[in-house]
Structures are given as C-alpha cells and as structure tokens.
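Before anything else, here's the structure in question.
Everything quoted here is computed from the prediction, not taken from an experiment.
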Amino acid sequence: MSESVLTVELVELPYTGAELTAMRGPLIVSHVESRLRRALEPGEDLVLLDVDGEYHSGWVADLRFELEDTLYVVERGVRLPPEQASERLDEADGGPEARGLESTQSVLDMLAEWRKELDER
C-alpha cells in the first residue's frame, strides 16, 4: 500500500456487507460507474463504503483498461469503524503521524493482510 499518496479516496460499492463477506478474491471497480473524482493508482489506499453504510479498508492492487473505462482491481481489508474511516479520509490534513494514529493504521492494515493470507489457504 502506498505511503506517497496524500489523500484516501472513498469508493461507494454496490454490495451489502454480507455480499462482500461472501465474495472471494478482489473486487473490480469501474471508474465510470464509481464516479471517482480522479484516477486511482496501484497501491493506493481506499475507504470502501457498502450499501449498508459499513466502511472497509482497501487498496488498488492493479489496473485494467477497457476502451471507455478504467477498471480498478481492489483488494479488501478489514471493516472500519466510522471514526477510523473518517480519520483515513482526512489523512491529507497532516497525516496519521500528526494525530498519533500510525499504530492504529498499521494494526488494521496488518489484520487485512493476515485475512487475505488466510483466505488464500
């Protein structure tokens, strides 16, 4: 996951939390359908919002290109409490180190990577 990106984008997903839990593998997110404000880069951290209003961590694993759209291959992490999602989205206002959040972010990211490893077994 990229440390050089100063902002974290919110990506609204057309899935419920239960549907996300049941899914295996990465999500494919259309740039056009997601109405993102800007293009995303591989390794970029995201906050994902499901239709139930639950937040999840995520990151751009890869890009795929179609004639009229860019598709983002998104790996999902852990569920985030609303406060944590808000803090991640506000990272550009001084970064996590400025607010003493680096250890919380690191733990959540580590849990997401462990979950991914367990799912792959």
Side chains of Arg88 and Ser57: does their closest heavy-atom pair fall under 4.5 Å?
-> yes
Going by side-chain heavy atoms closer than 4.5 Å, which hydrophobic residues are tied to Val11, directly or by a chain of links?
-> Leu13, Tyr15, Leu20, Met23, Leu27, Val29, Leu36, Leu40, Leu46, Leu48, Val60, Leu63, Phe65, Tyr72, Val74
Is a side-chain donor or acceptor of Asp52 paired with a backbone partner of Glu54 at a separation under 3.5 angstrom?
-> no
Backbone N/O of Pro81 and side chain of Gln84: donor-acceptor pair under 3.5 Å = no
Between atom CD of Glu66 and atom OG of Ser30, what is the distance when rounded to the nearest 0.5 Å?
-> 7.5 Å
Considering all heavy atoms of both residues, which atom of Leu80 and which atom of His56 are nearest to each other, and what is their separation?
-> CD1-C, 3.7 Å
Between Glu44 and Ala39, the two heavy atoms sitting closest are OE1-O, 4.5 Å
For Glu9, all residues meeting salt bridge (Lys or Arg N to Asp or Glu O under 4.0 Å), sequence neighbours excluded = Arg37, Arg38
For Ile28, what are the other residues in its hydrophobic cluster, where any two members join if their side-chain heavy atoms are less than 4.5 angstrom apart?
-> Leu71, Val73
Please report the shortest heavy-atom distance between Glu75 and Pro26, naming the atom on each side.
-> OE2-CB, 3.7 Å
Which atom names give the shortest non-hydrogen contact between Gly25 and Arg76, and what distance separates them?
-> O-NH2, 2.9 Å
Nearest atoms (heavy-atom pairs only) where His31 meets Asp69 = N-OD1, 3.3 Å
Any sub-3.5 Å donor-acceptor pair from Ser86's side-chain atoms to Pro82's backbone N or O?
-> no
Who passes side-chain contact (heavy atoms from CB on, under 4.5 Å) against Pro14, sequence neighbours left out?
-> none
Residue list, salt bridge (Lys or Arg N to Asp or Glu O under 4.0 Å) with Arg35, at least two apart or on another chain | none
Return each pair, listed once, that meets salt bridge (charged side-chain N to carboxylate O under 4.0 Å, His left out) where at least one residue sits in residues 14-34; pairs must be two or more places apart or across chains.
-> Arg24-Asp119
